Amino acid sequence: MNLFHKLINHLVGNIAMWIYYLGKKSIDEVAKEDNSILGLIIIIVAGFILFSIFNNK
């Protein structure tokens, strides 16, 4: 399961960096860097925002 989580974090991080570069760098160039920490941060922030929205009664 840990490998699956790292894969998801890396995928989200790579997509975020590719969007940050506005597609000027290819996804292959972006994937050479380790973006799993960025992906984890994005998932945590998005989870907190979704939790806040749906838990507001």
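No experiment lies behind these values; they were computed from the predicted model shown.
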- Query: Under 4.5 Å between side-chain heavy atoms, hopping through other hydrophobics if needed: is there a path connecting Val45 to Ile8?
  - Reply: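 No.
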- Message: Assigning hydrophobic clusters by single linkage (Ile, Leu, Val, Met, Phe, Trp, Tyr; side-chain heavy-atom cutoff under 4.5 Å), is Phe4 placed with Ile37?
- Response: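 In one cluster: no.
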List, one per line, each side-chain donor-acceptor pair under 3.5 Å for residues 15-33, sequence neighbours excluded.
{"from": "Trp18", "atom 1": "NE1", "to": "Lys25", "atom 2": "O", "distance (Å)": "3.3"}
{"from": "Ser26", "atom 1": "OG", "to": "Glu29", "atom 2": "N", "distance (Å)": "3.3"}

- Item | Separation between OG of Ser36 and CG of Leu11, rounded to the nearest 0.5 Å |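 Atom-to-atom, Ser36:OG and Leu11:CG are 11.5 Å apart.
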- Task: Could you give me the CA-CA distance, side-chain angles and deciding distance for Leu40 and Ile44, then say whether side chain to side chain contact (heavy atoms under 4.5 Å, CB included) is met?
- Result: CA-CA 6 Å; Leu40 178 63; Ile44 289 172; 4.0 Å; yes
- Task: Quick one: list whatever passes side-chain hydrogen bond (donor to acceptor under 3.5 Å, both in side chains) with Asn14, sequence neighbours left out.
- Result: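 Only His10, Asn35 meet the side-chain hydrogen bond (donor to acceptor under 3.5 Å, both in side chains) criterion with Asn14.
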